[in-house]
Each structure stands twice: as structure tokens, then as C-alpha cells.
There are 2 protein chains.
Amino acid sequence: MTLIEQVYESIREAIVLGRYAPESRLKAQHIKDDYGVSGTIIREALNRLISDGLVIANDRRGFSVAPFSAEDLADIIQARLLIEVDVVRQSVEAGDDDWEMALVGAYHGLDKQEQAVDIENEASLRALETANRAFHDQLGAACPSATLRAFYNQLFTRHYRYRRVALREQAILTAAREDHKTLLDAALKRDAARATEITRTHILRTQKFSDRLISAFAKTPTE
Amino acid sequence: MTLIEQVYESIREAIVLGRYAPESRLKAQHIKDDYGVSGTIIREALNRLISDGLVIANDRRGFSVAPFSAEDLADIIQARLLIEVDVVRQSVEAGDDDWEMALVGAYHGLDKQEQAVDIENEASLRALETANRAFHDQLGAACPSATLRAFYNQLFTRHYRYRRVALREQAILTAAREDHKTLLDAALKRDAARATEITRTHILRTQKFSDRLISAFAKTPTE
DNA sequence: ATTCTATTTTTTATCGATATTTTTGTTGAC
DNA sequence: GTCAACAAAAATATCGATAAAAAATAGAAT
């Protein structure tokens, strides 16, 4: 694994988890010391993060963390509604037996984490998110369009910045768990209409908490 | 304008116009001589081109030009159908007076190029494409979702790699010209349904030529 | 002739230093 | 006290060189 990759992953995580505050500037000169690498590496990693919509390049003024706002969240949710619904529909329609098996497996892994989750425990929440992502990825994996899947990926990551705050709500977790079960059932029955409907509801669930999410994050220590 | 930006633009154009053959490797060491800059600059420019879907990063094996294939074209068209249709719908519904004025202006510019176009003349075709893009950009400009507009942008550029071959067909140009006129009318009347319908047809028009496009490009000199 | 290994060449990833640009801070005039 | 002009400091963009890795080549052994 190349150094750039490692740094890229680290910075991405730092942004997603809010360790680099939204809209704060990412100064290569400063960051390089955190990772003990050259400034060039940081710059390359930041350039790649632009693709993910997590970093913004300001001409001659370096890079900064993408904003974190109610509008941004609304934008993400809206785009997800359009794209992910289509990805799921196509995937459910096109998935073969191997896909089914992998999906059942991913669901099992997710279910386990959902049972065991401890809201107070950061590591537990992280494990839950990993399993959650794996399940949703697998749900869309059979979609033939690589482009749509790439878009979906970007949106999923960007959305996680907001969702992780919501994960602390027991009500959300319970509701999400229901969704996942229903999603699996619909997918296995090849009921694309049902699967897309649940996907919609599932995505919209965080929206209700929008305001609370934003203000909760605003309290995160800056820089 | 920063050096990276300039090199980025140049390489992008080179890829879109096929001067760097699809799937060929982009060797920083070699390219840097073409532009008289350091290897770092090339690498950074290439990293940014990943966002545009024109360049692919191969771990420890540098970068290469994105593939050019019937599947890729089908993928692009499919994604455009989903995303651009939505962008246009939202834009037509949300556009204000300023937007209308700018749209009429862009249409005028496009119409002029369409009248004057000379299929044999490369500069003329390029001017046409610039005007074409400006018109379509403006058509979607009032869509409130920055994310969807960004996706649309990427797809438009990727699609152009294929479309530019089709531009040499008089039949396509004539049909496209009709589309544009109808699009403008529908947009001004705020007839979103009509506008999206035409957008659909417009996007699909190149698909018929798919096979011919691919083989025409295959004849392009490789590296 | 084919496969395996060792060696050379090419290419990539990475570094540390420097020129340029932006930001910050200070002083002096109105 | 505000503004402008200038000087100092910080940050960015850029370079050229090097270490590490991959690809190409050549030679030996089956």
C-alpha cells in the first residue's frame, strides 16, 4: 500500500469524523508533521479527496474541508434519493445467485452488530457502520452501472458525516434495523418496487433530525 | 492561473480529443517533457483528472487513460438519462427571470454556431461544442442541487469523447438543432415534462451510432 | 524451445529545498 | 480612529534529485 493511500485514508477519516472541522483550511505544511511525510504526499492525498467531495481546492489558497450545513445535507439526501434508488432497483433486478448469497452474508454480519451495539462505545458504533456499509454496498453491487455505483459511493461517505451523529439515537437504530430486514426480504423476493420504497424511507429517516445533527456537530471542537 | 490548472486542462483536452489513446499509460516522466514542468505537477494534474473519470490510478503502476468502449458509452448514457433529466426538470421548475435571460442568450450563441458550422473544420466544430455545452449548462443551471450538477458535468465531459466523433454526421447536427429549439421553447414555457422528454431523446441520439463511434475511434493513432 | 532466475533499465513514489503568492502585522498620514 | 502603504511572516506551488518498485532483458538450465 502506497504512502499516499495511507495518508488519504487517514485524512478522509479525520474529515468524516470531524477531527478536521468543516471549512477549516488544510495546510499541507502543518498536516505533514502529523503524518511524518513530505508536503507533496499531503497535496496528492488532498487532490484525491476532491473526488470524494470532502475537500475543496481553492486556487492559490490551498485546500479546505467541505462545508457541513443543512443545505449540504439536503443536497446529499436528494441526490441519494435519485441515484441510490435506481442503483438498488437495477441491482435487485440483475443480481444472480452469488449476489444473493453475499447479500445474506452481509445481512447476517450487520444483524449481529445491530444486536450487539453499544451506543456509548465508539468502537462498537464504528463496527456497526462498517457492517452497515457492507450491507448497503452489497445491496447495490449487482447494478451494472459502474458510474452510478461510484456516485452512490461518494454520497454514502458524505452522508456518513451527518449520520454518525444520528447513530447515537436509539430510535434511529431500531428503525434502521427494521428497514434492513425488510430490504433483505424484498431483495430476495426480487421485489424491486418494495426494495426501492424502503430505500427511500431509509434515506429520509435522517432528514428529520437534520437540525439537531447540524447543531450537534457545531459543538465539535474546531481544528 | 496555477501551473497545475493549466496542465490539468491540457491533459484533459488531450484525453478527450483522443491524443492520449484510451487505456494507454500516462507516464509522468515522459509527459513532463511535453509541458516543460516537473513530474510533481503532472502527478497532481492526473490526480485531479480522476475526479472527472478520465484517468484511472493504478496502485504503484501509475496512471492510465480511462477505457473507451461500447459498455462505457452505454454506462454514460444510462447515467445521463437518470441524472440530467432530473437536473433539467428541477432547473426548469426553479429558474428565475435572470436564468431565462441567460438561457435565451446561450441559445442564441448556439444557434449561430449551428448555422455556421463547417463539418470539415476542426475549429468550427470546437466552437460548436463550446456553445453547445454553454447552452446545456445554462439549461440545468437553476437546478438547486450542486451535487447533481457536478455529476452532470462529469458525464457531459466523458460523453463528449464519444460525441465528437458523431459531430461529423450532418444528420445528427440537424436533429440536435431541432432538439435545442424545442428545449428552449419548453423551458421558457416552464413545460418541465416536455423539456425532460426532449432531453431524453437528445441524449439517446448518439446511442444509435455507438458501434460506429467506437470503431471510428479505434482508428485513431495510438501513442 | 520453454521456463526460471539474475541483472539492467525504466518508471513510480517520495523527499527536502526554493521561488512566489497570500496573509498578517506595523507604521504613519489624514 | 480609520485607512493605506509597506514590511515581515506564513503558506502555497513548484522544482530537481533519489530511493523503491516494476518491467524488460539476458543467460542458464531443463
Side-chain angles (χ1 to χ4, degrees), chain A residues 1-15 18-68 150 221-223, chain B residues 1-15 18-68 150 221-223:
Chain A
M1 201 194 216
T2 170
L3 248 180
I4 294 174
E5 282 277 322
Q6 293 171 241
V7 172
Y8 164 84
E9 300 279 1
S10 300
I11 298 183
R12 176 156 84 163
E13 182 163 303
I15 292 176
R19 287 210 302 275
Y20 291 125
E23 306 197 55
S24 70
R25 292 189 54 190
L26 295 162
K27 308 185 180 177
Q29 241 62 19
H30 192 252
I31 297 177
K32 78 171 194 168
D33 297 329
D34 299 352
Y35 296 91
V37 298
S38 166
T40 319
I41 303 298
I42 305 290
R43 285 181 63 87
E44 290 215 28
L46 291 175
N47 269 307
R48 285 201 195 178
L49 282 163
I50 295 174
S51 316
D52 299 325
L54 292 175
V55 163
I56 290 171
N58 312 111
D59 230 40
R60 296 226 186 257
R61 228 162 295 159
F63 306 84
S64 56
V65 179
F68 188 97
T222 300
E223 197 143 359
Chain B
M1 201 193 216
T2 171
L3 247 180
I4 294 175
E5 281 277 322
Q6 292 172 241
V7 172
Y8 164 84
E9 299 280 1
S10 300
I11 297 183
R12 176 155 85 164
E13 181 162 306
I15 293 176
R19 287 209 303 275
Y20 291 125
E23 305 197 57
S24 70
R25 293 188 52 192
L26 295 162
K27 308 184 180 175
Q29 241 62 19
H30 191 253
I31 297 177
K32 79 170 192 167
D33 297 329
D34 298 352
Y35 297 90
V37 298
S38 168
T40 318
I41 302 296
I42 305 290
R43 286 181 63 87
E44 290 215 29
L46 291 176
N47 269 308
R48 286 203 194 176
L49 280 163
I50 295 174
S51 316
D52 300 326
L54 292 175
V55 163
I56 289 170
N58 311 111
D59 229 40
R60 297 228 183 255
R61 228 162 295 157
F63 306 85
S64 55
V65 179
F68 188 98
T222 299
E223 192 138 4

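In what follows, chains are A, B, ... by sequence order, proteins preceding strands, each numbered from 1. What you are looking at is a predicted structure, and each value in this text was computed from that prediction instead of being measured.
- Between B:Val7 and B:Ile41, the shortest heavy-atom distance links the atoms CG2-CG2, 3.9 Å.
- For the side-chain hydrogen bond (donor to acceptor under 3.5 Å, both in side chains) test, no residue two or more places apart in sequence or in another chain qualifies with B:Gln29.
- Rounded to an integer number of Å, the gap from CD of B:Glu44 to P of D:dT14 is 8 Å.
- Spacing between atom NZ of A:Lys32 and atom P of D:dA10 amounts to 15 Å, rounded to whole angstrom units.
- Nucleotides of DNA chain C nearest to A:Val37 and A:Asp59 differ in position, and the one nearer the 5' end is that of A:Val37.
- Summarising the geometry, atom CZ belonging to A:Arg48 is positioned 10.5 Å from atom CD belonging to A:Glu9; distances are rounded to the nearest 0.5 Å.
- When the side-chain nitrogen and oxygen atoms of A:Arg61 are compared with OP1 and OP2 of D:dA13, none of them lie within a distance under 4.0 Å.
- Put simply, the side chain of B:Leu49 does not reach to within 4.5 Å of the side chain of B:Glu44, judged on heavy atoms.
- Looking only at atom types and distance, the side chain of B:Tyr8 has no donor-acceptor partner in the side chain of B:Asn47 under 3.5 Å away.
- The CD-P distance, from B:Gln29 to D:dT18, rounds to 13 Å in whole Å.
- Chain A approaches DNA chain C within less than 4.0 angstrom (heavy atoms of the protein), and the contacting nucleotides run 5' to 3' from C:dA13 to C:dT23.
- Straight-line distance from the CE atom of B:Met1 to the C1' atom of D:dA13: 15 Å, rounded to whole Å.
- Residues A:Ser64 and A:Asn58 have side chains that bring a donor and an acceptor to within less than 3.5 angstrom of each other.
- The CG atom of A:Leu46 lies 13.5 Å from the NZ atom of A:Lys27; values are rounded to the nearest 0.5 Å.
- At whole-Å resolution of the value, CD1 in A:Ile31 and P in D:dA11 are 11 Å apart.
- One interatomic measurement links the two molecules: CZ of B:Phe63 to C1' of D:dA22, which rounds to 16 Å at whole-angstrom precision.
- Looking at heavy-atom distances under 4.0 Å, B:Thr40 makes contact with a base.
- The distance from atom CZ of B:Arg60 to atom C1' of D:dA20 is 8 Å, rounded to the nearest whole Å.
- Across the protein-nucleic acid pair, A:Leu46 atom CG and D:dA13 atom P stand 10 Å apart, rounded to whole Å.
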